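These values consider heavy atoms only, across backbone and side chains, with no hydrogens, waters or symmetry-generated copies. Computed from a prediction, not measured in an experiment: that's the story for all the values here. Every chain is numbered from 1 and lettered A, B, ... according to where its sequence line falls, protein lines coming before strand lines.
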Amino acid sequence: MTITVKFFASLREQIGTNQLKLTLHTPLTMEQVWTSACPNTPLPEYLLMALNKEYVQADAIVKEGDEVAFFPPVTGG
Amino acid sequence: MTITVKFFASLREQIGTNQLKLTLHTPLTMEQVWTSACPNTPLPEYLLMALNKEYVQADAIVKEGDEVAFFPPVTGG
Amino acid sequence: MKIAVTDQPLNPWKELANHEALLKDQAGKWGGLATFIGTMRDYNEGETIDALWLEHYPGMTENYLQRLAHTAHQRWEIVDTLILHRVGQIYPADTIVIIGVWSAHRAPAFEACRYLIEELKHRAPFWKQETCSQGCRWVTTNTPPYSAP
Amino acid sequence: MKIAVTDQPLNPWKELANHEALLKDQAGKWGGLATFIGTMRDYNEGETIDALWLEHYPGMTENYLQRLAHTAHQRWEIVDTLILHRVGQIYPADTIVIIGVWSAHRAPAFEACRYLIEELKHRAPFWKQETCSQGCRWVTTNTPPYSAP
């Protein structure tokens, strides 16, 4: 099963890509997706995460075709 | 000594004039000015008063050439 | 700082744009503008209102608004303030009042803007007379004093 | 209710006037419009800022703003709401955000307007990168959650 993982802002620069495709063999939590996508980077302390464009917690379950996003605290307005 | 007395809004209609000149023989308080200007009308409960275009209390002293105004609670904005 | 009372129609967008253009020297210094635009409703206390007559006390009203603006500038960190108020005969959907507060940050802009409209309604010498099917009546409900945060 | 994210310059007066024109049917139903207009300052934390790059999460950002507007409509008695936000490359004095809340009364207009800008700053997926003489840096200070009155 394939999912899309997106990174924004400083995290995009740190990871070095804005998007990658990940093939999973079993359903994972958001936190496990982070570890699969960025095996060498520990989970940042102030990380925000979204599943299919909705905020979720680290234990949310990711399924086939989902869009996952990781990003730093927001600073708009 | 002569002073000007102004009335606004519903009070102007009630008194029947927007302005009158009053000749005083001695300094009066705002409340005494009201009684001289409107001898038949008791002081309204929610009356506001201004002396030379500044809010004052009923015991403020009126002097030669002053402009006195009486009006109801305000309702602008 | 601009304060005005006028018997001419007020276009809020034009007034705000014109005033902001005067602040050109300070462009980049403010990060927030909070505005309040008061408009005539066509109803009040359950009744249809056809028109409004707005009376003021020439001289005292302007002085009072000027003092309010000064107080706001002392109390909050503000770049500039605009207060415009219509008088005379007005009709539903006409603009009655325009308040604008420019500030480096949004909190003082919001707080000063709210303070100005509340104090204006509570104490500035304006009086409204409504015209409805039953004739004319003076509005009597005064706005209570405001305690700013 | 209009929500938009755009990489084109925002003229707040034109946007507000255009949106209000769409509410023509309801003219006379609102008595107050509270707006907040956020503008790019040319300084931040004591340093001169030359430009700002504003990034967002297409799709999620618009959804999030839409949800905020819905929440405001449920919580306050509101006639209509406008939220516009700029993205991409911007320069000092450019408009970043426009919020407008039309309501029969001023209290809900003010409160909902403040709520919308605070929640937008706290949670809507936008990120600012500042360009100054020392180069580029991502802004990191997030706005704390807001408790509406």
(message) Restricting to side chain to side chain contact (heavy atoms under 4.5 Å, CB included), what partner residues turn up for Thr29(A), sequence neighbours left out?
(response) Glu31(A), Gln32(A), Ile61(A)
Any idea which heavy atoms bring [X] and [Y] closest together, and the distance?
X	Y	value
Glu54(A)	Arg67(D)	OE1-NH2, 2.7 Å
Arg123(D)	Leu48(A)	NH1-CD2, 3.9 Å
Met60(D)	Ala50(A)	SD-CB, 3.4 Å
Val139(D)	Thr75(A)	O-CG2, 3.4 Å

(request) Select all residues of residues 1-12 of chain A having any heavy atom within less than 4.5 Å of some heavy atom of chain D, and report them by number, or 'none'. (result) Lys6(A), Phe8(A), Ala9(A), Ser10(A), Arg12(A)
(request) Write out, in numerical order, the residues from residues 13-23 of chain A with a heavy atom short of 4.5 Å from a heavy atom in chain D. (result) Glu13(A)
(message) Given heavy-atom pairs under 4.5 angstrom as the criterion, report whether the side chain, backbone, both or neither of Thr141(D) touches chain A.
(response) backbone
Side chain [X], main chain [Y], donor-acceptor under 3.5 Å:
X	Y	result
Trp127(D)	Pro72(A)	yes
Tyr57(D)	Phe71(A)	no
Asn142(D)	Val74(A)	yes

(request) Count the heavy atoms of every other residue, nucleotide or ligand shown that sit under 6.0 Å from CD of Glu64(A), and state whether that count exceeds 12. (result) yes
(message) Heavy-atom pairs under 4.5 Å with chain A: which of Trp138(D), Phe126(D), Tyr64(D) has the most?
(response) Trp138(D)
(message) Checking an interface table here. Which of residues 22-51 of chain D come within a heavy-atom distance under 4.5 Å of chain A?
(response) none
(message) With a 4.5 angstrom heavy-atom cut-off, is it the side chain or the backbone of Tyr46(A) that approaches chain D, or both, or neither?
(response) neither
